[in-house]
Amino acid sequence: MKKILLSHLTILLLSTTSIVAQNTVRCSSEDYKQQQLALNPGLQAAYDANNQFADQFAQNHPNGYQSRSVVVIPVVFHVVYGTNPQNIPDSRLLAQIDVLNHDYRRTNTDANLVPSQWQAIAADCEIEFCLAKHDPSGNWTDGIERTSSTTTSWTTDDHVKSTSTGGANVWDHSKYLNIWVCNLSGGVLGYATLPGGNASVDGVVLAYQYVGVAGTLAPYNLGRTATHEIGHWLNMTHIWGDDFGTCILSDNVSDTPNQAGENYGCPTFPHIDACTGTSPGVMFMNYMDYVDDACMYMFTSGQKTRMWATLNGSRLSIQTSDACLVTGIATSTLQNVFGISPSPTEGNFKITFGNGSPQHFDIAIYSMLGEQIFNQHYDALNESELFLDLEGNPSGIYMIEIRSATGIATRKIVLEN
């Protein structure tokens, strides 16, 4: 939807929640935003600043943003359950990560269904997700935290995000995408925070019935609720701009058609409405609409640029998180005895050792998905430099880890092919 500049426009949003079949509420993120603003009106300034940054970022990348490397976002699932069915198995959480990686990299099997008119702007967002491998204290984790609670149903009041109210506390939001999985009341499928809000509640909440693929409830049974809500977490708005069909407000993305309102079910293409009355019509198959999971399968180049504005702005710290790597807490003594150059590199790089370097150590290299691609033990290294090569590996960020009896040290390196 093309952005329309408005001066001092205030719209009272009485309720933006839309009820769909079987008494389900596809998304409560806009209602949640209004709740947060009512509690803390000062949040509007933060939201406005993020939107202004995103607008400028888009202007600086008129042909769309191309990342130098794929970003990998560490995820922790907080499964908060009051009954056995709510304590969903690991397999569904792993399947959800898989769905996210396909949807955000445009490797989803239904990507070919994007109409030909929009194939050129259907985007690989160059964003991936992994289950965290260590917690904020440096202890190993599988990225899944389970909390038994006497509460069997939750609302959008964020009580699920605090141990004091029977839920689970947030992990450092600058390093982790927190996703709470619980039984949401009122048929709500999920909601998310926007960047710039309260750090203690930052993240996504998903109804347990719609997480993953196998065992989920149709027609929201392909894991796309998480895809949609994480879009909000990355500062995406609904594709129709939440303007009650007035065709005035915008999703602040230039390559999505103007749209009157949300779509449900599986519309037939082309689908026109009061805001876009000519073919090809509205982009109902976009992840930020409300259609069934089987009928949403694309982000646009403009949406990718907006998400990357967030990753280069208010969520910049998530790019440097090492929470996807199996590692421990580095000791300051070991952390300061070696360096890596050059970075970025096209393959070849060197590790330089300083005073106090250990005589016996292991070097491991991990991709940001946690895959170990190199591991070697060294005894009594006499040289001050060690040369290694990443040639042949995909472009991206890699973690170099040195382990010895005195501790663990890590460095990041960027590979550009």
Say you draw a straight line from [atom1] of [X] to [atom2] of [Y]; how long is it, rounded to the nearest 0.5 Å?
X    : Y    : atom1 : atom2 : value
F77  : I144 : CZ    : CD1   : 7.5 Å
S162 : N169 : OG    : CG    : 5.0 Å
N108 : H102 : CG    : NE2   : 8.5 Å
L206 : Q96  : CG    : CD    : 6.5 Å
K161 : H159 : NZ    : NE2   : 11.5 Å
L93  : I179 : CG    : CD1   : 9.0 Å

Taking [X] for the side chain and [Y] for the main chain, is one N or O donor matched with an acceptor at less than 3.5 Å?
X    : Y    : value
R106 : D124 : no
W308 : C125 : yes
R306 : F57  : no
K133 : L131 : yes
Y176 : G143 : no
Q303 : T300 : yes
N263 : F284 : no
T345 : G347 : yes
S321 : K175 : yes
S301 : G64  : no

Under 3.5 Å, is there a donor on one side chain and an acceptor on the other for [X] and [Y]?
X    : Y    : result
Q59  : D55  : no
D103 : T227 : yes
Q376 : Y378 : no
Y366 : Q372 : yes
N178 : H78  : yes
Q209 : T216 : no
Q259 : D289 : yes
N198 : N40  : no
D251 : H238 : no
D202 : T193 : yes
Q52  : Q56  : no
D157 : Y32  : no

Can you give me the closest heavy-atom contact between [X] and [Y], atom names plus distance?
X    : Y    : answer
D243 : I248 : OD2-N, 2.9 Å
M288 : W240 : O-CZ3, 3.7 Å
V188 : A207 : O-CB, 3.4 Å
V114 : Q119 : O-NE2, 2.8 Å
L249 : G241 : CB-O, 3.6 Å
V291 : P267 : CG1-CD, 3.7 Å

State, yes or no, whether a side-chain contact exists between [X] and [Y] at a heavy-atom distance under 4.5 Å.
X    : Y    : result
L390 : I373 : yes
C182 : V205 : yes
V79  : E145 : no
Y210 : N221 : no
V80  : V181 : no
V204 : Y191 : no
F374 : Y398 : no
F129 : I230 : yes

- prompt: Yes or no on side-chain hydrogen bond (donor to acceptor under 3.5 Å, both in side chains) for H134 and T141, after CA distance, side-chain angles and deciding distance?
  reply: CA-CA 5 Å; H134 63 85; T141 180; over 6 Å; no

Is a salt bridge present between [X] and [Y], judged by a nitrogen-to-oxygen distance below 4.0 Å?
X    : Y    : result
D110 : R224 : yes
E126 : K304 : yes
K350 : D389 : no

message: Among residues at least two apart in sequence or on other chains, which ones pass side-chain hydrogen bond (donor to acceptor under 3.5 Å, both in side chains) with S174?
response: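 Result, side-chain hydrogen bond (donor to acceptor under 3.5 Å, both in side chains) vs S174: D172.
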
- request: Could you please spell out the steps behind the side-chain contact (heavy atoms from CB on, under 4.5 Å) verdict for I363 and E401?
  value: CA-CA 6 Å; I363 295 179; E401 180 181 84; over 6 Å; no

- request: Given side-chain hydrogen bond (donor to acceptor under 3.5 Å, both in side chains), test N51 with N235 step by step and report yes or no.
  value: CA-CA 8 Å; N51 287 330; N235 204 28; 3.3 Å; yes

Trace of the side-chain contact (heavy atoms from CB on, under 4.5 Å) decision for E391 with E346: CA-CA 7 Å; E391 187 176 353; E346 294 182 355; over 6 Å; no

- request: May I ask you to decide if the ring planes of Y290 and H228 are parallel, tilted or perpendicular, using 30° and 60° as cut-offs?
  value: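 Judged by the thresholds at 30° and 60°, the geometry between Y290 and H228 is tilted.
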
message: Could you walk me through whether M296 and M285 satisfy the side-chain contact (heavy atoms from CB on, under 4.5 Å) test, starting with their C-alpha distance in whole Å, then the side-chain angles of each, then the deciding distance to 0.1 Å, before giving a yes or no?
response: CA-CA 4 Å; M296 55 167 59; M285 70 290 301; 5.5 Å; no

- request: Could you give me the CA-CA distance, side-chain angles and deciding distance for N312 and Y65, then say whether side-chain contact (heavy atoms from CB on, under 4.5 Å) is met?
  value: CA-CA 11 Å; N312 283 285; Y65 181 76; 3.6 Å; yes

query: Are the aromatic ring centres of F299 and Y104 under 6.0 angstrom apart?
result: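 Ring centres of Y104 and F299 closer than 6.0 Å.
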
query: Strictly under 6.0 Å, is that where the ring centroids of W118 and F269 end up?
result: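 So the answer is yes for these two rings.
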
message: Quick one, E262 with R26, criterion salt bridge (charged side-chain N to carboxylate O under 4.0 Å, His left out). Give me CA distance, side-chain angles, the key distance, then yes/no.
response: CA-CA 10 Å; E262 65 271 31; R26 188 59 158 130; over 6 Å; no

